[in-house]
Every structure is written in structure tokens, then in C-alpha cells.
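Read the structure below first, then the notes.
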Amino acid sequence: MKLARLIEYLISKRSVLAVLLLVSMAALVLVDIILPPAYTRFTWDAIGGFAAFFGFAACAALIFFSRFLGEKLLYRDEDYYDDHE
Amino acid sequence: MITSDWLHPSLVLIAGTLVLPLLKGRAMQAWMVLLPLAVLGTLWMAQPGEHGQMAFLGMELVTGRVDELAMVFGWVFGTVLLIGAIYALHVNDRVQHVAAFLYGASALGVVFAGDLITLYVFWELMVITSVWLIWRRKTEVSFNAGFRYLVIHAVGGVVLLAGIILFQFETGTTRFEQIDVDGPAFWLILAAFMINAAVPPLHAWLTDAYPEATVTGAVFLSALTTKTAVYTLIRGYPGTEMLVWMGAAMTLYGVTFAMLSNDIRRLLAYHIVSQVGYMVTGVGLGTALALSGSASHAFTHILYKALLFMGAGAVIHMTGRSRLSELGGLYRYMPWTFVLYLIGGVSISAFPLFSGYVSKTMIVEAAAIDQRAVIWLMLVVASAGTFLSTTLKLPYKTWLGGDSGLQPREAPWNMLLAMGIAAALCFLIGIFPGMLYALLPGAVDFNAYTMSVFLKEMQVLLFTGLAFCLLLKYVGGGPKISLDVDWLYRRGGPRLVGAVGSAIITTDRAIRRTTLEHLARLTAHVEKKHGRDGKLAKSWPIGSMALWTAIVLAMLLTVGVYRG
Amino acid sequence: MTITELMPFSVLVPLIASLVCALLPGRFWPWAVTLVAVIVSAVIAAFTLPAAAQVTLSYAFGNWPPPIGIEYRVDAANAFVALLVAGMAAVALPWAKKSVDKEVPERQGAFYALFLLALSGLLGITLSGDAFNIFVFLEISSLATYGLIAHGSDRRALLASFRYLIMGTVGATFLLIGIGFLYIMTGTLNLADLAERLPEVRDTSTVRAALAFIIVGMGLKLAMLPLHLWLPNAYTYAPSFVTVFLAGTATKVALYVMLRFVFTVFAPDWSFVVLPLSTVLMILGVAGMFAGSWVAMFQPNIKRMLAYSSVAQVGYMVLGVSLVSVIGLSAAFLHLFNHALMKTALFMAVGTVIYQVGSARLKDVRGLGRTMPWTLTAFALAGLSIIGVPLTAGFVSKWYLIQAALDQGQWFLVVLILVTSLMAVIYIWRVIEAAWFQERSIKQPDVGEAPLALLIPTWILVALNFYFGIDTRLTVGGATAAAEALLGGGMTP
Amino acid sequence: MRENGILRVVARFLIPLIMLFGLYIQFHGEYSPGGGFQAGIVFAAGWILFALIYGLDAALKVIPERAMYVLMVAGVILYCAVGIAGVVLGGHFLDFYPLLAGKHAAQQFGIITVEFGVGVTVATVVMLVFTLFARRKSEWKAAKVEDE
């Protein structure tokens, strides 16, 4: 199970990985701000780092919206359909 | 269906499948691998053009129309049949294998059908073969889900047939090109295609039935039905404005409900809805780039979705559990499944270097070129959501996360091999997108690997990941199921019918009671006169028959005699 | 001998053979004689159709020239029906041997004699060109049929037969009254002669009443909706073989007689104007389609379910007629033929189940899909045809029916046809579900697959359902020729 | 009735006359009103009268039930045979002209033979119907006696 050990190793180094990832994310935003926009099709094309912000916001929105939807409206017990079928 | 330069791949597959029940053990396994290879061979030999014409009811059927669009789908169907067959090698249930191959044959038949009648025949065949992949799980739940699946597709089939008949009546032809008529024919055929493409609110059959299918059957199901529908939409309805919005809405609908799912395959099923949404959007946009995007996204989607379903299926196969809330910490025991699943995950999330990236960005780009800001934003939100559920939430809760105490063994070699082939193809297409683009109809003027596309995609994905890590405790889930449109016919319909039914029964009872009371009084009166034997009461049925006869005769006579 | 001179023998051979059969003892010889007679009859009918499609054949009995003598007058329409009747009998007979041995163990000579009488009666109705002769043959076939139904092993068969006898007699009497009225007005009984003489006198209430009587009389025999009440019991309690034979032929012949009178004798431009026939038939047809399918969905007995389904299928045919167009009539004739194919196959499959299990109730079919796969697969495939799935015969006739409806811009009819097809899915499905998805209860005896003697004819019919669903030259050609013969005044010389 | 002397005597006198009259109607049918149907009924009526007076068993000794079946069929077969003979000799079914050389004689021969067939069948069918009903009656009586 060498693969399993590799994964275990990676998990143990997860703070290092996280730092690496955050650095590269910062780099991505920086590059996006520095580079001139390739298109001006939408107004937000000109804003550097818009995609980063939007991705974060979209994810947060989805998490909260779906949670709201589920708890207020859609969630049922797993045996909800059982007694009728 | 056979001419000198054309051998219908469905025919090859059906003929080969007929042999399958006679084989056993190793021979059957070898045959299962050989059959899809033979199909790929016939595809290799297929010459562009129209083949296999037949006359039927005064119409010309074209059973084999080979052009680039059909071949794209032909190739990927052939490939996924091979992968699925390898994945199912260990299964000792001939019914399932036969159903899967016939199902594949009918999907190929739809793709190569040059006219709507042939298409309809294979379309229906697809339903009655695929349902066995659900039923053979042999649980009460899967039987009921399969039955609902069957009923909805039967309705869809009738709608399609009605549309085809009207189409034939209005245009005088049944050739399957762009559906270019106004009126009911247009909408009926579109509705039937949309049912199979699982466009909400007509999607619930998919998310209801696929999670209940057999482990190996789900792989075929995920690949074939919705994608044949995408093919028919590309062929028949390019540039239909409505589809742009429905597609974009689908993408969001799918990811939202996927967030709520606790069953791993239901989660993936909702992502089929979401991913097909991209393709539908592409069809609606209707530009050359968008259509290429839809076709290539269908191609890549089949491979990575099969990979995801195989990964999830391997977990179910080895642990017997399918709920996220009951899984966790499996990476120690099923690391290969984990890694291969992750390749599927990054493919569907459109990470650069993987297959989703080179096809999904094409559709998003086409939306941008069309200056559709809202659509573009919706698609980006959906791609964030895709990454969130399939690549972060599902693997986290299944393989990492809290330890569930399960200690399954790694999946059998044939499952891993099938997943490996699919993963390799996902990776290959991601690195050499030119191979995929070469198959598409028309030249593709698109390069996914530009700085701008790359930057945007990476930012969206990585910051989605950041949000996931930060908001992990808010992520929905838990041992619950969520209602969907299928509630309408699983609970709403029966309730409505029950209410209406009891109303009818009450009224009917009341009416009958009063009528019967009057009748009883009348009979009592007659009985007094006719004595104890009550001849009138005895001969009631014959009397009523005679009464009806008299009524009809009187009606005709009155009209006939007094008219002149 | 030319085909014209041979043609009457498709009626005479079964008639004479029935006399022989009545005297034969035992179980083998009556059946063998019947088989030979039926095959001869069917072969003659098969040769008659192509000849009759070209030119109207006429055969004068005793060489008395019509209209004085009795004449057999055959055009595409009756040749088509005659071939159907004789053909169905020929296909059903090999199946009959085993089933009849089990269900009618005694006095088989009389049983087969009655069968042959019924057959020759039905053929006589179709071929005859003389109105009174039609009535006589109608009575011959009806009386024989009552006897056949009464042979059912269930005691209720007697009651069913009695009820059918009363209603059938009412129907035949109505036909006789109608013919009588026509005779009063024209002084002739020959159909072609009637068609010629009627225009002079047709604006009288007598002739109108005649039309009304004939339509109701034949509507009864045809089991058109409100007049269908005799059919379910008769089909349910008759011996399986009788049901198999009647389902394919009896109602079809009645429909033919109705069409012959309405179209050839009265001429459609009169009969559809004087009475609101088109509307009446359309309403009754649609009502039949719905009521039949609706009731069929809830029947616990498969035979009875199929009987109600027959009421629905008659509805389709009547609907085709009500459209008064060549394509509508073709659809009716096509469905007449195709329905015979599929209903015969279905009743054979059910009869096979009865042979093995002794019952056709749904709960007795539970789990049989595994032990009698061939029988129930045949049922399922023939069921596809009745639903109207493409590549089956049922699809072809529904396709033409829909085309005919569209041709007149009747969209709602298309919707109704599709909806009733869905209802057919439901009632066929109930059998399939019982056979494959339910477990056999422990109390019920285990049975194996049925003998080949029953399976082979059933499967031949199933195969025919698919053959005529793909190669439609014979059926569509024959039906169109028949429709044109009726609409084009094929009887006038 | 069997003990009633008047009836027995009258019947003995009448039955031959009835049968003779039946035969007259039968064979004079082509010249005067009559024919096989009427003749058969009249002939059978004579036999039924005999059965009523002298009992069913005595009547069945004269014409056994099995014979009735055979004769019933034979009559129709005679009819059909004449019809087919016409075909065999080159005419239509029931065409009498080819049967004999002379036209007149041929018609007469044909019609008489055919009518004879009809007469036999009708007579035996009526007798058979009577027999079946009459036997049923005696069976019921027997059953009743057993019950008591």
C-alpha cells in the first residue's frame, strides 16, 4: 500500500501544502491584476482578480443558499417515501 | 441495415449480444470485451454518407447516416461500452450484461438514425433495455424507481411519437435534420428530447433512478441516455433561444441539489443534470463554437462521469454503503479508487490539463463572445459549485474526513483497470485537446490554453476551494433526503388522485344510492304486480342490453325519419 | 376451373365437412377433417383475393342469373375479409388440438362440426351478394357460435351463451327487418341490384328506417360500444379455442356487413347525410376506445381483460369508418386485419396458460414468467402490438388511423388515440408485472412450459405481428383496395 | 294416453294418412305448393303423433336415434352431392342442366333429388329435437321418483 502511505505523508504535511497553495493563489491574483485584460467583453473583464472574488462568493452563496433551501423547504427523513410505496 | 460499405454497429452489437447468454465464465468475459472492440472496429470502417435505406409505410428510412457529429458520439459510446464492460467483468448476471449491450446498441442506433422513425424505434428500445440496469439491483426501492423511470419515458415516447407524426404530416418527410416547423410538432419533439436530456422540471426520473441502479449499470446509464438527447438537440434544435436559459438554469439547479444530496450517486446524478446544462446552453447559443463545445463536452463528460460513477460504485461495491454521512477515512484502504476518482473530479471541475477544461471553457467562451453576461455568470457559479461538490465535498467525506470505522479492501482489478483507462483518456484529452477537436464537425477555432482563460479558471477554482475550507462546517448534508420534482408524482399525484377519487366515490355513491332507492321502490312496485318471482329483477342484464339497443335504434330512427 | 368457379367452395367445403364431422367418433378424426377443410378453404380464399382485387368476381348459384338467383359477388373488400377469416381459422386449428382435448373432452365431433358451421357461416356472409342470403348465413354462424360458447367448461358459459343468443337474435332480427324494408321498397334482394334501385325511393322514411335497423343490428354483432354487453362474458367463458377464433373473426365480419350496406348499398353520399352517421360513429368509436380500455385496466381475469380490449379495438375501427375517406376506411380494414393477428396471438397465449394452469386470473399468472417464459414472452410481444409499438402490426394500423384523422384536421382524435394507447400499456403491463415481478404463492402448483403444439402456432402469430409490422405491402395494399372498392361503388357492374 | 282406446284407434288410422300426405307434398313440390321443408315437418308430425300415443321407446324402435343422426347428415350430403355433381359435370354449384340430357328432365331430376335431401334432413331434425326434449322429460320424472 505505497499509495496509501504517500497520501498519508501528504496529509501530514498539509499545513505546508496549504501555505504553498495560498501563495500560488496570491500569485494568480497578482498576475491577473498586472496583466492587461485580454478582453473587454464584460465590464468585469477589466477588474483584476474578479474571478477570484467571484469564485469565493459563488461558493459561499451556494453553500448557504442550499443549506437554507434544504432546511426550510426540502429536507425530509430518509424513510419519507417508504410508507407509501 | 447492411450494405457493402456499411455494417451498422448496433446490428453487430445486437447480434453479438444474442450469443452472450450461451457463454459462461472466462468465455463470457472475453466476449464482453471483444464486443465493444468489434463495435469500435465497425466505426473505424464506417464511410461518411447514408447507408441502410429501407422503405416503410411509404417513407424512406435511413438507418445509417454517418457524418462527423454522429461519429463523435459513436466513438465515445463505443469507448464507454468497452470501459463499462471491463468494469462489469466480475458481475455474474447475464441479464444485466445483455441489457447493457442492447442499451448501448440502441443508443448507437439513435445516433446513426437518419430519420425520425428509426430514431423513435431505437429511442424506445433504449428505455426498455436500460430499465433492467435499475431493476437488477433487485431491491424494492430499485423496482419502484425503475418503474417510475419506465412510466416517465413511456410518456416521453408517446410525446415524441405524436411530434413525429405531426412533423411528418406538416412537412411530408421524416428526415432528421434541424426541426424546422412551427406549431405543436416543434414543441412535442423538443419536449421529448428535453425529458431525456433531464431538463428540469422533467429531470426527476434521472436523480430518482440512477442512484438505485446496479453498481455497474449506473456507469452505462450515466453515459448514454442524456447524451443521446444532447445529440438530438444539437442535430434538431441548434440556436433555440429558450435552451440557453434552460441550460444555464439546469447547471445551477443541478449543483444546488447536489449540495443537498447525501447519497454519493445521487450527488453525481445531480451533476449530470448540471453538466448537461452546459451542453444545452451550448445548443441554445447555436454558434459553431458553442455547438462544437456541446459536442466535445458531451464527449469528455461521458468519460469523466463514467469515471466518477465507477469510483462511487467501487465504494458501494466494497462497503455496501452509499451515504456520505456513513462513509469516511477510506483513503487508507482504497487509495487507488481515491486517486482515480480525483482525476475524474478535477476533470469535471475543468482543471487545466484535464478533459473538462478543454470542452467546458469552449461553451463559456461562446457565451462570452455572444455577450451574454448573465448566462456567463451563471455558468461560472455552476462550475464553482461543481468543484465544490464533486471534487471537494464528496471525496472529503468519503475518503478523508472522520473515520467511519470501515476497513474495506481495494476494488477488484477489473474495476481499477476500467477506471484507469477512463482516467488516462481524461488526462490525454486534457493534454492533447487537438485529438478531440479533430473529431468535431467543422474546424475548431479555439485554444483553451491561453493565459486569460487559464487565469480565470484557476482563480475561480482555487478560491472556491478556499471558501470550502473556511465554511466547511456550514456545508449542508446529513442523513436526509431532499424533495424534488419527483415528489409531484410520488406523493403529490397520489394525494391528488386520492382526494379527487374519494370525492368522485362519494358523489358517485350518493348518486347511486338515490338512484338505487328509486329503483328499489320501482321494483318493489313491479314485484307486487308480477308476484314473488320478480322476472324483471332476474333478467336485468339482458334487459339492460336490450334497453341500450332500443335507445340507439330510437335515436337513429328519430333522426332519420323526421329529418326529411 | 377458374378461380371464380372455385371461390364458392371456400364456403361449401367447411359446410360439407361439418356434416362429416358431426358423425365422426373419437378425438383425432374430427380434428383432422376440420383441419383439411379449413386449409382448403383458406387456400381458395388466398387465391381469390388477388383475382378479386383486379376485377369483381361473380358466381351465380344453379346458374340462375342474378338478380333472380343467389349470387356470390366478390370484390377486394370481401375477399380481404374472407382471407382473414379463413386464414385465422387455419392458423388457429393446429393450436386447437391440445386445448380442445383438455377443455372439451367429449363429443368432439359435434364441437368441430359447430366450428365448421360457424366458419362457413362467416365466410358465406362475406362472399354472398344477396341480402337475404347474408341473413341466413348470419344465423347459421350465430347459432353455431352459441353452441360453441356453451361448450365452455365453466357453468357460466351457458348463461353467457344464452345472453349472446338473445342479443344476437335481436341483432339478426333487426338486420332482417332492415332487409325486409328494403325488399318492400325495391322488390329485390341482390345487393348490386339494390344499390341500383334504391336512389329512386331513398327519400322515404322506410329506407331511412331500414338503414337505422341495419346499423343497430350489425352494431350489436360488432360489439359497438353501448351494444357490446354480450361480448365480455361470451369471450371469457367460451372454450379457449372458440375465443381465439371468434376474437379474430366474428366482429370483423359484422363490421364488413355494416360497411357493405352503408357504403355500397346506400352509398356514402346518402347514408352519411341522412343520418348523422359520421358523428354518431365517431362518438361511439371514441367512447368504445375509452370505455373498453378503461374497463380492461381493472379486470382481474386476463381473458375478460382482452375481451374488453376488443371492445376498444372495435372502437378504433368504427372511428376509422366514421372519417368517411379512403384512408380512414383503409385504416379500419388494416386494423380489422391487424387486430385479428394480435388478439388471436394474445388469446392463444392466454389459452396456453389456461391449458397449463387451468385459470386466466391475474393472481394465477403470478411468477409464471420464470416457469413458462416462452408463453408469456409471446404474450408480451403480442401485447406490444396491441399497444402500437413501431415494427409491430398494431403500429401500422394506428399510424394510418392517425394519418386519416390528421387528414381531416381532427387533432383531438390523435390525442385520444395516443391516450388510449397508453391505457393499453397499462393493462398489458399488469400481466407482465404479475408474470415476472410477483412471486408465485406456495399454495399454487408449479407448472412447466407448455407443449410445443401450443407454443409453435402462438409464436407463428407473434412472428406475423412483427412481419406485418415491417412488410406492409400485403396488408396496406389489400386494405386500400378494399376501401376503394367500397367507396368507389365496387358492386355496381 | 296410451290407455285411451279412441286415441289409439284414431292414431292408427291417421298416421299412415299423414305420412302419405307428407310424401305427396314432398314429391309434388315442384308443381304445387309444397317442398322438402313442409313435407319433412308433416312426415315428422306423423312420427311424433305415434310417439305421443305409443310412447317414445316404441317410436325409437321404428327410427333409432343413431339413424336420425345419420339421416340428418345424409340429407344434407345428398343436397350437396347434387350441387357438386353440377360442378363436376361442368356447370355451377346446384346447376341442374348438366345432370341429364333433356333440359326439362334435368331440372325435374335435380329439384326432386335436392328436395328429397331437404325433406329427410328436416324430418329427422324435428324428430331428433322432439326425442331430446321428450327424453329429458322422462329423465326428470325418473329423478323425481328417486327423490321421493
Side-chain angles (χ1 to χ4, degrees), chain A residues 1-8 10-11 14 18 21-22 24-29 31-33 35-39 41-45 48-71 73-85, chain B residues 140-141 144 252 255-260 262 323 331-333 335-336 338-339 368-369 371 373 376-377 380-385 387-388 399-400 410 450-453 455-471 474-476 478-484 490-491 494:
Chain A
M1 280 291 181
K2 278 181 187 155
L3 188 66
R5 229 169 284 149
L6 178 66
I7 297 170
E8 201 124 14
L10 286 176
I11 290 173
R14 60 177 176 270
L21 208 61
L22 284 172
S24 59
M25 281 155 72
L28 273 174
V29 176
V31 172
D32 196 30
I33 293 172
L35 276 184
Y39 311 106
R41 292 179 297 214
F42 304 125
T43 41
W44 53 77
D45 277 339
F50 172 80
F53 162 74
F54 191 73
F56 189 91
C59 179
L62 269 176
I63 290 174
F64 288 115
F65 176 65
S66 64
R67 194 179 169 85
F68 167 78
L69 205 62
E71 287 180 355
L73 190 66
L74 297 177
Y75 273 151
R76 293 289 185 278
D77 284 332
E78 287 189 325
D79 54 3
Y80 175 71
Y81 286 120
D82 289 358
D83 46 346
H84 272 255
E85 281 167 7
Chain B
E140 174 111 23
V141 179
N144 288 328
L252 288 179
V255 293
T256 309
F257 273 82
M259 290 295 296
L260 297 169
N262 188 35
R323 294 184 182 90
Y331 73 92
R332 287 186 202 86
Y333 311 104
W336 284 103
F338 177 41
V339 169
I369 289 173
Q371 293 282 325
W376 189 89
L377 288 175
V380 173
V381 172
S383 76
F387 181 54
L388 178 63
W399 280 278
L400 307 170
E410 181 60 281
T450 62
M451 194 50 141
S452 140
V453 175
L455 271 180
K456 262 188 205 117
E457 190 66 28
M458 286 307 284
Q459 284 182 37
V460 169
L461 292 175
L462 292 180
F463 279 85
T464 302
L466 182 64
F468 174 76
C469 295
L470 295 178
L471 302 172
Y474 298 109
V475 173
K480 295 278 186 184
I481 57 167
S482 48
L483 299 184
D484 199 343
R490 293 174 73 175
R491 289 302 286 274

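Per chain, numbering begins at 1; letters A, B, ... match sequence-line order. Computed from a predicted structure; not experimentally measured.
Shown here for B/Gln459 and A/Phe50, the closest heavy-atom pair between the two residues is OE1-N, 4.3 Å. Of all non-hydrogen atoms in A/Leu62 and B/Gly385, the two that sit nearest each other are CD1-CA, 3.3 Å. Of all the heavy atoms in A/Ala51 and B/Lys456, the pair that sits closest is CB-O, 3.8 Å. Of all heavy-atom pairs spanning B/Phe463 and A/Phe56, the tightest one is O-CD1, 3.5 Å. Minimum interatomic distance between B/Tyr331 and A/Glu8 (heavy atoms only, all atoms of both residues): OH-OE2, 3.6 Å. Of all heavy-atom pairs between A/Ala4 and B/Arg332, the closest is CB-O, 3.8 Å.
The side-chain heavy atoms of B/Leu466 and A/Leu21, taken from C-beta on, include no pair separated by under 4.5 Å. Annotation: side chain of B/Leu377 is in contact with side chain of A/Trp44 (closest heavy-atom distance under 4.5 Å).
Dense packing is recorded around CZ of A/Phe42, with more than 12 heavy atoms of other residues, nucleotides or ligands lying under 6.0 Å away.
Counting heavy-atom pairs under 4.5 Å between each of B/Ala382, B/Cys469, B/Ala373 and chain A puts B/Ala373 at the top. The residue among A/Cys59, A/Ser24, A/Ala52 with the most heavy atom pairs within less than 4.5 Å of chain B is A/Ala52.
With values rounded to the nearest 0.5 angstrom, B/Leu470 atom CG is found 9.0 Å from A/Ile63 atom CD1. For the atom pair CG of B/Leu455 and CG of A/Leu35, the computed distance is 6.5 Å after rounding to the nearest 0.5 Å.
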B/Phe338 vs A/Leu3, test: side chain to side chain contact (heavy atoms under 4.5 Å, CB included). Steps then yes/no.
CA-CA 10 Å; B/Phe338 177 41; A/Leu3 188 66; over 6 Å; no
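Contact of A/Phe64 with chain B is made through the side chain alone, with heavy-atom distances under 4.5 Å.
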